[in-house]
2 protein chains.
Amino acid sequence: MSKGSILLTGGAGFVGSHTVIEFIQAGYSVVVLDNLVNASMESIKRVEKITGKEIPAVNVDLLNKEALTDLFSKHKFTSVVHFAGLKAVGESCQLPLLYYHTNIGATINLLEVMKSFDVKNMIFSSSATVYGTPQYLPIDEKHPVGGCTNPYGKTKYFIEEILRDLAKAEPDWNIVILRYFNPVGAHESGQIGEDPQGVPNNLMPFISQVAVGKRKELNVYGDDYDTPDGTGVRDYIHVVDLAKGHVAAQTKIETKCGCKVYNLGTGKGYSVIEMAKALEKASGKPVPYKVCPRREGDVGSVYGNADLAKEELGWTATKGLDDMCKDLWRWQSMNPNGFRGDS
Amino acid sequence: MSKGSILLTGGAGFVGSHTVIEFIQAGYSVVVLDNLVNASMESIKRVEKITGKEIPAVNVDLLNKEALTDLFSKHKFTSVVHFAGLKAVGESCQLPLLYYHTNIGATINLLEVMKSFDVKNMIFSSSATVYGTPQYLPIDEKHPVGGCTNPYGKTKYFIEEILRDLAKAEPDWNIVILRYFNPVGAHESGQIGEDPQGVPNNLMPFISQVAVGKRKELNVYGDDYDTPDGTGVRDYIHVVDLAKGHVAAQTKIETKCGCKVYNLGTGKGYSVIEMAKALEKASGKPVPYKVCPRREGDVGSVYGNADLAKEELGWTATKGLDDMCKDLWRWQSMNPNGFRGDS
């Protein structure tokens, strides 16, 4: 007997695919929606192998309201976990209209269709980027938001505001906003993981591509920050821990929680060089690096306080740096070309 | 010989219709687009009488991208003045999704169509509401933005951010964001003016409906603010002054100005009771009032500094409180039922 039916938008992506597993293992049934702009249904085939369950997955774009309405007319969803969205910071600065249209338009369509089918439970995939430059560390949920400087981050912030206003206007909505710190690692099976197209935007996929021999060296942007080794410090969280946070959020939603916001991070910061060394250790491969000038907009340290999620969701990250690197390396070395197979 | 062709979205509305006149009188040709949700084409018929020009006006919704594309394929616009949008603060709190969908969706559609036709000049109708609760007075353009507490105000702020990001990504755009203080008054002909449907949301239409006998008394929300008479102080600007500010902005755009932001106000604040007394004087009618509790979210004083518009646009408000009230009263007494005629 299923505990409920969860729609995961962007469910074929990195965080989405790992979250599908956790919902299935917690006794929910799931439906995956993805427009495959930045993902592959191969991830879902592998999740089917890992879980032994058949997973209904549809290639639907949230901007196609008709197709979305059709999907809702065929299923009775308990909740929607909304991952879908464009997410490359640099690209968002080049193509702001595309980002605003896609991310905000998709979310408004989704909320309108949800409302019309009386599905009023949502878990939203937000980001610590909504905090902008930290005013204090560790960042807790009371930290001011809205200071982000790129369109990607602003879409996350704007969507948060839309969700808060909706929950205020219509108190029968239950919405949990999860602010992710930096998701890394992969499922311990080595079958699914992060699969960036082209040059990775994020640090750890880049490092693992250096270790596997696909890239020559790591560019370290700035080694003169006010951090122990001078390189930027971030709060990395294992994607499986992060995925479990969504199940905990769903449990909270079932208590009719209204609108809530939680940081999901470990509360611990590691520097770029610490991450490179940790992956060297896990992989047994060298990760050469070159120090480059700081990038505009980067800050020295960002890490969060996730005590509220511990108190109110009973959730806490359990996997440390070694797990993150060991699992990432397993995925990377078993799938040097990601889901695209040998090439 | 026309100085250029200006598309005015929401051009049949209060500020829009007055701005049409000023553009025509400055030698531009105009096209009015309005979905008539909160306006009537009667205003444009009257503008035709006032100006002696025939004004192309289309009933098109900006959410209808096909119709919008069709319009752009028939005209070669120089600039777009973007007034269109839902604007009732209270309603926006009740129906946030409607406001976000309509105001942001319409703007993104408009920008995409403009871009596809290589029309990259826009004047945007923003509001001093983007400043939120004033941190200092008078508010200049350097005052922090984004502190607004209602979805209407947030749509203005979000659109400003979208415009700034667009201009940053594509430097061939010229965008002037005009932050209005409180537009009042009417054209001196008495032929056009503010025509709210139902109970007016704004102070002056309410006061003038009391003076004309359509409403019993004015509700004054709070008389214990830290202001000279205890009632709320705002920066009222004559709508014809405001309209002229758009023509000044267009002149600025013609210098390839990039993205600029200007306050349009008088820099002077008047209290609720001062406004009521001024309309009593202009109309010769009594405006009885009743003091009620403060409204949540209201602040004592809001007024702006419009020096930057003076310096960079050569624009300054020239009409004072007596003009505002005299012109409002002429419109109200000649058109007690607005554009709907006798009823």
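Chain naming here is simple, since letters A, B, ... match the order of the sequence lines and numbering starts at 1 in each.
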Do B:Y100 and A:D165 pair up side chain to side chain, a donor and an acceptor below 3.5 Å, judged on atom types alone?
yes
With the side chain counted from C-beta on, respond yes when B:S125 and B:V15 share a heavy-atom pair under 4.5 Å apart, and no when they do not.
no
Determine whether B:M122 and B:L110 make a side-chain contact, defined as any pair of heavy atoms from C-beta on separated by less than 4.5 Å.
yes
Considering residues at least two apart in sequence or located in another chain, which fulfil the side chain to side chain donor-acceptor pair (under 3.5 Å) criterion with B:D235?
B:T266
State which residues pass side chain to side chain donor-acceptor pair (under 3.5 Å) with A:N121; sequence neighbours excluded, sorted by chain then number.
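Counting only residues at least two positions away or on another chain, A:N121 forms a side chain to side chain donor-acceptor pair (under 3.5 Å) with A:N174.
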Has the side chain of B:N263 got a donor or acceptor atom that lies under 3.5 Å from a matching backbone atom of B:G265?
no
Please report the interatomic distance NE2(B:H246) to CD(B:Q250), rounded to the nearest 0.5 Å.
11.5 Å
What distance do A:D34 atom CG and A:N59 atom CG have between them, rounded to the nearest 0.5 Å?
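Spacing of CG (A:D34) from CG (A:N59) equals 7.5 Å.
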Choice from A:P96, A:G105, A:G146 maximising heavy atom contacts with chain B below 4.5 Å
A:P96
Between B:K115 and B:E112, is the salt bridge (Lys or Arg N to Asp or Glu O under 4.0 Å) condition met? List the steps.
CA-CA 5 Å; B:K115 184 175 165 170; B:E112 287 176 343; over 6 Å; no
Less than 4.0 angstrom from a charged side-chain N to a carboxylate O is my criterion; do A:K156 and A:E160 meet it?
no
Quick check on the structure: residues of residues 61-89 of chain A within a heavy-atom distance below 4.5 Å of chain B, by number.
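Residues A:K65 are the ones that qualify, each having a heavy atom under 4.5 Å from chain B.
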With a 4.5 Å heavy-atom cut-off (strictly below), which parts of residues 148-155 of chain A touch chain B? List them by number.
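Result: A:P151, A:K154.
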At a heavy-atom separation under 4.5 Å, does B:Q94 approach chain A through its side chain, its backbone, both, or neither?
backbone
